[in-house]
Amino acid sequence: MCGIVGYVGRAQAAEFLLEGLRRLEYRGYDSAGLAIMTEQGDFALTKTVGRIALLAEAIADAPTPGTCGIGHTRWATHGAPSVPNAHPHLGGDGRVVIAHNGVIENYATLKERLAADGYRFQSATDSEVVAHLIDHCLSKLEGDEPTPKTGAEIQEQLQTAVQMALAQLRGTYGLVVLFRDHPDLIVAARLGSPLVVGVGPDAHYVASDASPLAGRTDKIVYLADHQIAIITPTGLHVSHRETGQISHRVETLELAESDMGLNGFPHYMLKEIFEQPQSLADTMRGRLSDEDATSVFGGLNMSPQELRQVNRIVLTACGTSWHAALVGEYLIEEFARIPVEVEYASELRYRNPPVEQGTLLFAITQSGETADTLAALREMKRKG
C-alpha cells in the first residue's frame with residue numbers, strides 16, 4: 001500500500017512532503033523518497049530504506065531548497081526494499097521523475113523495448129519503466145529540433161506525452177510526474193489507484209488520500225479513473241482520456257488536522273486499537289433503525305426480495321482485509337444463518353470456482369486499490 005504526496009507552490013516543498021508521508025505511514029511501507037526541483041533547475045533525489053524518520057534525517061543533513069516536489073512511500077512488489085528500488089524514479093537522462101502506485105502488468109515487454117532503444121535501468125521495479133516511457137514519448141513529440149512554444153502549448157505537449165505513455169500500460173496507476181525543463185508543474189493521472197488534489201490560493205497539493213491535506217486546505221478534487229491533471233501553483237486543469245478537458249468538482253474536506261496525529265500514542269497500530277469503540281460507533285451511526293427494527297444501508301442497490309434470494313456469500317480480500325473477512329464469516333453465519341466462504345483474492349482471480357445462482361460477493365480492500373481484489377471483483381461480476 002504505497003503512498004504519494006506532491007506540492008507545487010511558493011513555500012518550501014520538503015516540509016509538506018515529509019509531513020504528508022508521515023500521515024501516510026499507516027498504509028505500511030519499507031522505503032521512502034523525495035524528489036525536489038532545485039533552484040538550479042535539476043532534481044534532488046533523497047531515498048532511504050526504513051522509516052520516514054531516516055528520510056527526515058537525510059533531508060536535514062542535506063537540505064534541498066525548492067518549491068515543487070513529490071514524495072513516496074513504497075511497499076516492495078517488484079524488487080527488494082533498497083535505495084535503487086525506492087521511488088521516485090528518473091526517466092531518460094534525468095529530465096523526468098515519477099512516483100507511482102499500482103502494478104504495471106506488461107512492464108517486462110516495455111522494459112525490453114526501451115532497453116533496445118538505449119534506456120538504462122537502475123532498479124528492478126515496474127515503475128521505472130513508466131519514467132523512461134514518458135521520456136521516450138516526449139522525445140517523439142519534440143522531434144529533432146524543438147520549436148519555441150507558449151506556456152499553454154508546453155502544458156499540452158507534456159500532457160500528450162504522459163497520455164501516450166499511459167496508453168501503452170496494462171495495469172493500474174496513481175501517477176505523479178515532474179519535468180526538469182518545466183518547473184512549477186505536476187502532471188497527475190489515475191487508473192484504479194486513488195489520487196486527490198488539494199486546491200489552495202497560491203499552492204496545490206496531490207496525495208493518494210486526503211489525510212496529508214488536512215490543515216493545508218479544505219478544498220479538494222478527487223480524480224477519477226482515466227483522468228489526467230495539470231497542476232500549477234495557481235491552476236488545476238483536469239482532462240478525461242475520452243472526452244478531453246472537463247469541469248472538475250471541488251469538494252469540501254471534512255477532516256481535522258488533529259485526527260491525523262498520533263495523539264500521544266507511540267505508534268498508529270496502538271492508536272487504532274484504542275479508536276475501535278469510537279470507529280465502530282461511527283460506522284453504525286445512521287445505519288440502524290430502531291423504529292423499523294432493521295438496518296439501513298446506502299448504496300447496496302439490492303431490494304429486500306433480492307436479498308432474500310441470497311443463499312451463499314463469498315468474502316474476498318488480501319492481507320489484513322482477509323483477516324477482517326474471517327471475522328465477518330463468523331458474524332454473518334451467526335446472525336444471518338447464510339453459509340459464508342472466505343477466499344484470498346489473489347487465488348480467486350485465477351481459479352475458476354463454480355458460482356451458482358444466489359451467490360453474493362463482498363470484495364474488501366482497506367486502500368481501495370488492491371490489484372488482486374479489484375481483479376477478483378471484475379472476474380466475479382463477469383460471471384454474474
Side-chain angles (χ1 to χ4, degrees), residues 1-3 23-30 73-77 101-103 172 174 192-194 196 207-211 222 255 259-260 262-263 265-288 294-302 306-307 310-351 353 355 358-381 383:
M1 284 173 53
C2 309
R23 293 186 183 182
L24 294 173
E25 283 192 291
Y26 75 92
R27 299 166 69 91
Y29 65 100
D30 51 46
T73 52
R74 174 180 186 257
W75 190 283
T77 52
N101 288 352
V103 176
T172 59
S193 190
V196 57
S208 45
D209 69 39
S211 58
Y222 289 100
L255 193 62
D259 295 336
M260 297 299 102
L262 286 169
N263 295 345
F265 292 98
H267 50 75
Y268 280 102
M269 181 175 286
L270 190 62
K271 176 177 182 251
E272 291 177 359
I273 289 171
F274 277 87
E275 287 177 342
Q276 283 180 8
Q278 186 61 48
S279 296
L280 284 168
D282 291 344
T283 300
M284 303 295 280
R285 187 176 293 114
R287 293 183 170 89
L288 294 178
T294 188
S295 56
V296 180
F297 292 105
L300 193 57
N301 299 326
M302 294 182 70
E306 290 172 319
L307 283 171
V310 172
N311 51 40
R312 173 178 175 244
I313 294 174
V314 176
L315 307 179
T316 189
C318 296
T320 52
S321 295
W322 183 80
H323 293 128
L326 294 176
V327 177
E329 177 184 11
Y330 281 91
L331 292 173
I332 294 171
E333 288 189 340
E334 179 179 353
F335 291 110
R337 309 307 297 170
I338 298 174
V340 178
E341 299 173 38
V342 179
E343 293 263 9
Y344 269 112
S346 55
E347 297 176 6
L348 182 61
R349 65 177 293 191
Y350 291 116
R351 74 188 197 88
V355 183
T359 298
L360 178 64
L361 175 83
F362 283 97
I364 307 170
T365 162
Q366 179 184 353
S367 65
E369 59 188 82
T370 310
D372 283 323
T373 305
L374 294 174
L377 174 63
R378 288 192 292 269
E379 176 63 16
M380 293 295 277
K381 288 183 72 173
K383 293 182 176 182

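Because only heavy atoms are used, hydrogens play no part in the values below, and waters and symmetry mates are left out as well, while side chains stay in. In this chain, numbering begins with 1 at the start of the sequence shown.
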Can you measure from [atom1] ([X]) to [atom2] ([Y]) and round to the nearest 0.5 angstrom?
{"X": "L315", "Y": "E329", "atom1": "CG", "atom2": "CD", "answer": "7.5 Å"}
{"X": "E275", "Y": "L270", "atom1": "CD", "atom2": "CG", "answer": "10.0 Å"}
{"X": "E333", "Y": "E341", "atom1": "CD", "atom2": "CD", "answer": "9.5 Å"}
{"X": "Q278", "Y": "D282", "atom1": "CD", "atom2": "CG", "answer": "4.5 Å"}

Does the side chain of [Y] come within less than 4.5 Å of [X]'s, by heavy atoms?
{"X": "M302", "Y": "L360", "result": "yes"}
{"X": "L377", "Y": "T365", "result": "no"}
{"X": "P353", "Y": "E347", "result": "no"}
{"X": "S211", "Y": "L24", "result": "yes"}
{"X": "I364", "Y": "T373", "result": "no"}
{"X": "E379", "Y": "L348", "result": "no"}

Evaluate whether atom CZ of F274 has more than 12 neighbouring non-hydrogen atoms of other residues, nucleotides or ligands under 6.0 angstrom away.
no

What's the shortest heavy-atom distance between [X] and [Y], and which atoms?
{"X": "T316", "Y": "A376", "result": "OG1-CB, 4.4 Å"}
{"X": "I332", "Y": "V340", "result": "CG2-CG2, 3.6 Å"}
{"X": "C318", "Y": "S346", "result": "SG-N, 4.1 Å"}
{"X": "A371", "Y": "V103", "result": "CB-CG2, 4.5 Å"}
{"X": "A317", "Y": "W322", "result": "CB-N, 3.5 Å"}

Are the side chain of [X] and the backbone N or O of [Y] linked by a donor-acceptor pair below 3.5 Å?
{"X": "S321", "Y": "Q366", "answer": "yes"}
{"X": "E343", "Y": "V314", "answer": "no"}
{"X": "S193", "Y": "T172", "answer": "no"}
{"X": "N101", "Y": "G174", "answer": "no"}
{"X": "D372", "Y": "A345", "answer": "no"}
{"X": "T359", "Y": "R312", "answer": "no"}

